[in-house]
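Contents: one structure, followed by commentary.
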Amino acid sequence: MDAKTLIARRVAQEIKPGMLVNLGIGLPSLVASFVPASLGVFFQAENGVIGLGARPPEGMEDPHLTDAGGSFVSAVPGAASIDSAMSFGLIRGGHLDMTVLGGLQVDEAGHLANWKVPGKMVPGMGGAMDLVTGAARVVVAMQHAAKGASKIVPRCTLPLTAMRRVNLIVTDLAVIEPTGAGLILRERAPGVSVDDILAATEAALVIPDDVPEMTLS
Amino acid sequence: MDAKTLIARRVAQEIKPGMLVNLGIGLPSLVASFVPASLGVFFQAENGVIGLGARPPEGMEDPHLTDAGGSFVSAVPGAASIDSAMSFGLIRGGHLDMTVLGGLQVDEAGHLANWKVPGKMVPGMGGAMDLVTGAARVVVAMQHAAKGASKIVPRCTLPLTAMRRVNLIVTDLAVIEPTGAGLILRERAPGVSVDDILAATEAALVIPDDVPEMTLS
Amino acid sequence: MKGALTPAAAAQMIPDGASLMIGGFMAVGTPERMIDALVARGARGLTVIGNDTAMPGKGIGKLITAGAVARVITSHIGLNPETQAKMIAGEIEVELVPQGTLVERIRAGGMGLGGVLTPTGLATEVEDGKQVIEVDGKRFLLETPLKADFSLLAAWQADYVGNLCYLLTAHNFNPVMALAGRIVIAEPESIVPVGVIAPDAVKTPGVLVDHLLIRAS
Amino acid sequence: MKGALTPAAAAQMIPDGASLMIGGFMAVGTPERMIDALVARGARGLTVIGNDTAMPGKGIGKLITAGAVARVITSHIGLNPETQAKMIAGEIEVELVPQGTLVERIRAGGMGLGGVLTPTGLATEVEDGKQVIEVDGKRFLLETPLKADFSLLAAWQADYVGNLCYLLTAHNFNPVMALAGRIVIAEPESIVPVGVIAPDAVKTPGVLVDHLLIRAS
């Protein structure tokens, strides 16, 4: 299993029946395919639909229905169209049960940086700042390291996305829970040891007595 | 012609083609029947419809369609349903071209009091404060006097509806325009002299050389 | 959406002393069966947030008559002499709010905004005790957000996942209140299968609705 | 609504240096014929307010490529390398705004509110230079309202009086921008007789729309 699939499958387990969930573009968007339809979960695309569905049948794509990454999508039965004011009202008002976002850095305070690399990449924050500020639960789904450097750091050096502490970090090596007492290592990826994780992590981690291996149902 | 009909007919002349107009309950609501359909005017009821129409045919009233006074109404072709947020967004945002409201007092500064008589009548302001604050043009339609007392006064003794100067006062005796230079007497009702108006008015009036009689087309 | 409830079961969920947002404008778009069940249960000490208190025998008026209400936040009580009498007798506390301000305060509460900056009410009694904020040289009242323990909505159609739509002037406060109640109960006139209400026709997404009242027998 | 215009005539109405709100999310729900006409006219010095700058060859991206834009207020430029290059070269001034803040600033401008109090952006770069307001012990950024000389909208259907409706994720910023442009021009995919769009299906009331683009030939 590749790293992205591993992360997506583990994040999918965080999604409970009946939730309203927003998946960021890229890696987070892979999560949807590991969530059983029986859970009755609605996925929101912040560009204006609640009840995002899979890619449409070939030749049936509608230019009026895309996800926030601009890809053609479908809508599930029971879907609702919303405008941007309602969409971000749902997000900011705490009606969104969970958002899954990519990250550039997360630090020991649980702060996320994911929208800007000064001097290199200034795409704009899009909806990220509202999502991290407003969602009931924020899950960061990312590779543990980029170009050999840990993305879990003592203190973010990149501009923050929000002042809010994220709820969970899922990487290809570990599941980590930011808390008021620091970053708690909750789970190891299959075949990865606590020492492997410590070696790959620049930030300090709190290590409980028992750090089980992820179960990927 | 009774006083109310006179006032309504004169106010109707203020309404120009294509306007969006809100008529208050009571006397102001009579204005609609003197506005020709050919003007393409849309009447707004602040409880949620643009394109308010006349009373429905007997037996065809729908409890989902009333005006702001709770009376059954119809909707004209091209009508739109709106919720209260949109309705007051249109009002506060200056999209409403004119509102016609009743008044308890208007003073020399052009301030309107029309929502409360302390200790006697405290119905609440409903939409009146938003209407007077936000409408592009505010016309007060009222009897010149109540129980022998002038309703046009030097300074309102009743609580104000808004700090905004209203644009026009139409009574059974006169048309008066509040300006930065005071209340200007613009027109006399048929058969009423300037002296009659001065005698019935507690506030100071500015009297131009020519004060024509109202024309009621 | 969790499922359908009888009015009696819904009324049982709502404890004495709870705060309720109740949709409707002079009882048009008000959940009457829900209100009847609250009266039947003998609810006491409620705080009611709604556009008006209707009239005796209708909508919120029935709760007033039953002595269920300790406090109302509303724009208008003028058509319900019982509300006025109980206010004067000190049995009901009444907070009067301009209608456009009331709907925006509810929206702000539901959409995670810190308040409303409105020109409505400046230099009137409504300004008393409130913060005035200057933006680009203009003055605005800061009005605080409203939330409630429950929102009780009337809708025309609901589908099995709780999507709602409304008819004509029966929208009014319902779509906005759907955002601002911790528990949202909707009373639809009919409940239809998923897919009957097209995504573009949905006015309140089902993810905001916790319970539907079962159809009237 | 004043009538139908050719795209060329509409582009002629829009002077160099004008501020434009343009609907769309990555060019979904963007008025492409209107934009083509602006490019053909050789417009210069425009300020564009829109969710993003799309990509080269699509939507707002065509205005960027043509050198028509001096300034953009937007949430995302990440998919248009030309916007980024021109920003770095100092040819385009870019104000980046969180998406949920952007849509509320437009709504506030259109609905006569003094600004937006949002938690989004607190303790990030977005806070720089802005007023922080405390409400009930919580801190919020004060974000100012946005208006523009013109709003350019894409709609699915319009009727002869300018009522508009939108499809699926092509709503996005269009309904809110309809409130905030001094002159509003809508480009519908089809124009139907009055009455074809039912009152409850109208998303933008025709009273907000000044001009429709004539149907594509």
Could you tell me which portion of Ser84(A) (side chain, backbone, both or neither) has an atom closer than 4.5 angstrom to a non-hydrogen atom of chain D? both

Between Arg92(A) and Gly100(D) (side chain of the first, backbone of the second, donor and acceptor by atom type, cut-off under 3.5 Å), is there such a pair? yes

Is Asn163(D) reaching over with its side chain to a backbone N or O of Gly206(D), donor-acceptor style, under 3.5 angstrom? yes

Does any heavy atom of chain A fall under 4.5 Å from the side chain of Val94(D), the backbone, both, or neither of them? neither

Could you have a look at Ala170(D), Pro98(D), Ala123(D) and say which one has the most heavy-atom pairs with chain A under 4.5 angstrom? Pro98(D)

Criterion side-chain contact (heavy atoms from CB on, under 4.5 Å) on Leu90(A) and Ile50(A), from CA distance to verdict: CA-CA 10 Å; Leu90(A) 293 174; Ile50(A) 293 171; 3.5 Å; yes

Please classify the contact between Glu189(D) and chain A as side chain, backbone, both or neither, with a heavy-atom cut-off of under 4.5 Å. side chain

For chain A, which candidate among Asp52(D), Asn80(D), Val97(D) shows the most heavy-atom pairs at distances under 4.5 Å? Val97(D)

Counting neighbours of CZ on Arg215(D) that are heavy atoms of other residues, nucleotides or ligands and sit closer than 6.0 Å, is the number greater than 12? no

Indicate whether the side chain of Glu46(A) and that of Asn22(A) have a donor and an acceptor atom separated by less than 3.5 Å. yes

May I ask you to decide whether Glu95(D) forms a salt bridge with Arg105(D), counting only side-chain N to carboxylate O separations under 4.0 Å? yes

Would a distance-only check, ignoring hydrogens and angles, find a side-chain to backbone donor-acceptor pair under 3.5 Å from Lys4(A) to Met1(A)? no

Tell me, out of Ala27(D), Gly121(D), Ala154(D), Pro119(D), who's got the most heavy-atom pairs with chain A below 4.5 Å. Pro119(D)

Side chain, backbone, both or neither: which part of Thr66(A) has a non-hydrogen atom closer than 4.5 Å to chain D? both

Interchain contact, Leu131(A) with chain D, by part (heavy-atom threshold 4.5 Å): neither

Best-contacting candidate, Ala80(A), Gly70(A), Ser81(A), Gly48(A), against chain D by heavy atom pairs under 4.5 angstrom: Ser81(A)

What part of Ala75(A) gets within 4.5 angstrom of chain D, counting heavy atoms only: side chain, backbone, both, or neither? neither

Per-residue contact mode, Phe25(D) against chain A (heavy atom under 4.5 angstrom): side chain

Just checking, is any N or O donor in the side chain of Ser75(D) or Asn51(D) under 3.5 Å from an acceptor N or O on the other one? yes

Contact class of Leu160(A) relative to chain D, heavy atoms under 4.5 angstrom: both

Closest contact, heavy atoms only, Ala148(D) versus Met21(D): CB-CG, 3.6 Å

Where does Thr74(D) contact chain A at under 4.5 Å (heavy atoms): side chain, backbone, both or neither? neither

Contact winner vs chain A - Leu122(D), Val176(D), Leu79(D), heavy-atom pairs under 4.5 Å: Leu122(D)

Is the backbone of Ile25(A) close enough, under 3.5 Å, to the side chain of Ser29(A) for a donor and an acceptor to pair up by distance? no

Heavy-atom cut-off 4.5 Å, strictly under: side chain, backbone, both or neither for Met87(D) against chain A? side chain

Looking only at heavy atoms and a cut-off of under 4.5 Å, which of Met55(D), Glu125(D), Glu104(D) has the most pairs with chain A? Glu125(D)

